[in-house]
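Only one structure is covered here, and it is reproduced in the block below.
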Amino acid sequence: MDMRQVDIIVPCYNEEKNIARLFGETNAAVAEIADCRFCYIFVDDGSIDGTLDEIRKLAGGHDNVKYISLSRNFGKESAMYAGIRNSKGELALIMDADLQHPPALIPEMVRRIDETGCDCCAARRVTRKGEPRIRSFGARMFYKLMNRYSDIQLADGAVDFRLMSRRMVKAICSMPERQRFSKGIFAWVGFRTEWIEFENVRRLEGESKWSAFGLVKYALDGFLDFAASPLKFVGAFGCLVTVGSALYFIIEIVKTLVMGKDIPGYASLLCLILFFGGLAVAILSLLGEYMGRIYMETKGRPVYIEKESNIDED
Ligand code: UDP
Ligand code: MG
C-alpha cells in the first residue's frame with residue numbers, strides 16, 4: 001500500500017517535561033492509522049532548559065524524529081514556520097508540545113481530509129474552561145473586531161492545531177512576510193477547512209508563555225497585519241470633522257452678521273484645541289504603527305536562525 005507521510009510539527013519552548021509524554025501519547029493515538037507514516041519535526045525555539053537534550057534523545061532512538069534548534073527564542077510563530085519550511089510530507093500537522101492539543105483527534109483529522117477532500121482540518125476549542133475570565137473576554141473582542149474590520153475571517157476558538165495538505169503548506173511558505181501571524185495566514189491562503197471541536201485541556205507541565213501584555217500585543221499585531229481599515233476610518237473621521245467645522249463656520253458668520261458680535265468662549269475653544277491636538281497625535285501614532293511594520297519588513301531579516309538540525313539540506 002502506498003504510504004503517505006504526515007509530518008508532525010511541534011514548536012517547543014522550555015518543554016523538557018512534556019516531550020517524552022507527547023511523543024508516547026501521539027504514537028499511541030496514530031497507531032490505528034494504517035496508511036500513513038508519521039514523522040516528527042520538533043522545533044526547539046531556543047529553550048533554556050533540557051528541551052533540546054530530550055529531543056536529541058528521541059532522535060537518537062527513532063528514525064522518524066527530526067529536529068531543528070533555533071539560535072535563540074524567536075517566538076512560536078517563527079518556530080512553526082521553521083517546522084513548516086522543513087516539512088516534505090503529503091500532510092503536515094502542527095501541534096503544541098504541552099498536550100493541550102489532544103493527539104486523540106489526529107485520526108479524526110486524517111479521516112476528515114480523506115472523506116471530504118478538503119485541504120485542511122483544524123481544531124476549535126468550544127470552551128475556555130480553566131482560563132482567566134479577562135483572557136476569554138479579550139479573545140472574544142479580538143475575534144469580533146478582526147472579523148468585522150480586517151481582510152480575513154477567523155473562527156472563534158481556532159487554535160494552531162491543524163492538519164494541512166501539501167499544497168496548502170506550499171501556499172503558506174510562499175507568503176513572504178516576516179512578521180508572521182499564522183492564524184491570519186491560514187485564513188488568507190484560502191482552501192476549504194473542516195473544523196473539529198474539542199474541550200479546553202490544561203497544559204501538562206510548566207506554564208503558559210503568554211503574559212497579559214504579550215497577548216494584547218499579539219492581538220494588535222495580528223489585527224494590523226491584516227487590516228488597513230483603521231487608516232480608512234481615520235480618513236473618514238477627518239472628512240467628517242472638516243464638514244462639521246465648515247458648517248459651524250457658516251453658522252458663526254451668519255450669527256455675527258445678524259446679531260452682532262458676542263463674547264467668545266475661551267473654555268470651549270481651549271477644549272476643542274486640546275481635543276484635536278490629542279487626536280492628531282493619536283492618528284500620527286497609528287500611522288507610526290504601520291510605518292514601523294513597513295520598516296521591519298523592508299529589513300528583510302530571516303524569520304528564524306537555525307543553530308542545529310538533523311534534517312538533510314537539499
Ligand atoms: N512556544 C514556542 N515559542 C515560544 C512560546 C511558545 O515554541 O516563544 C510553544 C510552546 O512550547 C508550546 C506552544 O508554543 O508548544 C504553545 O505555547 P503555550 O502553551 O505557552 O501557549 P498557550 O497554550 O497558553 O496558548
Ligand atoms: Mg499551551
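Everything numeric here is computed off the predicted structure, so don't read it as measured data. Start at 1 and go down the list; that is how both ligands and their atoms are numbered.
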Suppose I only count heavy atoms of D98 and a 4.0 Å limit; which atoms of ligand 1 are within that range?
19 (O), 23 (O)
Need the ligand 1 atom indices (1-based, order shown) with element for anything under 4.0 Å from a heavy-atom of C12.
7 (O), 11 (O)
Under 4.0 Å from one or more heavy atoms of N73, ligand 1 contributes atoms 3 (N), 4 (C), 8 (O)
Any N/O of P11 closer than 3.5 Å to an N/O of ligand 1?
yes
Tell me which N, O or S atom from D98 is the closest to the Mg ion (ligand 2).
OD2
Determine whether L93 and M109 make a side-chain contact, defined as any pair of heavy atoms from C-beta on separated by less than 4.5 Å.
yes
Tell me the protein heavy atom at minimum distance from atom 18 (P) of ligand 1, and give that distance in Å.
R203 NH2, 3.5 Å
Is the contact between R135 and ligand 1 made by the side chain, the backbone, both, or neither, using heavy atoms and a 4.0 Å cut-off?
side chain
Report the nearest protein non-hydrogen atom to atom 22 (P) of ligand 1: residue, atom name, distance rounded to 0.1 Å.
W210 CD1, 3.7 Å
Please confirm whether H62 and F23 have ring centers closer than 6.0 angstrom.
yes
For atom 24 (O) of ligand 1, what is the closest protein heavy atom, and at what distance to 0.1 Å?
S208 OG, 2.6 Å
Are any of the side-chain heavy atoms of L58 and F42 separated by less than 4.5 Å?
yes
Going by the order shown, which atoms of ligand 1 are within less than 4.0 Å of some heavy atom of D96?
13 (C), 15 (O), 16 (C), 23 (O)
V43 side chain near Y304 side chain, heavy-atom distance below 4.5 Å
no
Look at atom CE of M175 and say whether more than 12 heavy atoms of other residues, nucleotides or ligands are closer to it than 6.0 Å.
yes
Where do D221 and K217 land on the salt bridge (Lys or Arg N to Asp or Glu O under 4.0 Å) test, with the steps shown first?
CA-CA 6 Å; D221 283 347; K217 188 178 174 307; 2.8 Å; yes
Heavy atom of E77 under 4.0 Å from ligand 1?
no
min-distance protein heavy atom vs atom 14 (O) of ligand 1 -> K76 CD, 3.2 Å
Among all the protein's non-hydrogen atoms, which is closest to atom 1 (N) of ligand 1, and how far away is it?
Y13 CB, 3.8 Å
Would you verify whether the NZ or CZ of R72 falls within 45 degrees of the ring axis of F74 while also being under 6.0 Å from that six-membered ring's centre?
yes
Measure the acute angle between the ring planes of F181 and F226, then classify it against the limits of 30° and 60° as parallel, tilted or perpendicular.
tilted
Are any of the side-chain heavy atoms of D98 and L22 separated by less than 4.5 Å?
no
Out of all atoms in ligand 1, which are within 4.0 Å of some heavy atom of E15? Include the element for each.
10 (C), 11 (O), 12 (C), 15 (O)
Quick check: does D96 have an N/O/S atom under 2.8 Å of the Mg ion (ligand 2)?
no
Which of parallel (below 30°), tilted (30 to 60°) and perpendicular (above 60°) describes F161 and F198?
perpendicular
Given side chains that start at C-beta, do those of M164 and I94 come closer than 4.5 Å, heavy atoms only?
yes
Please list, in number order, the atoms of ligand 1 under 4.0 Å from a heavy atom of D45.
2 (C), 3 (N), 4 (C), 7 (O), 8 (O)
Go through ligand 1 atom by atom and flag the ones less than 4.0 Å from a non-hydrogen atom of Q100.
19 (O), 22 (P), 23 (O)
List the closest protein heavy-atom neighbour of atom 6 (C) of ligand 1: residue, atom name, distance to the nearest 0.1 Å.
K209 CD, 3.8 Å
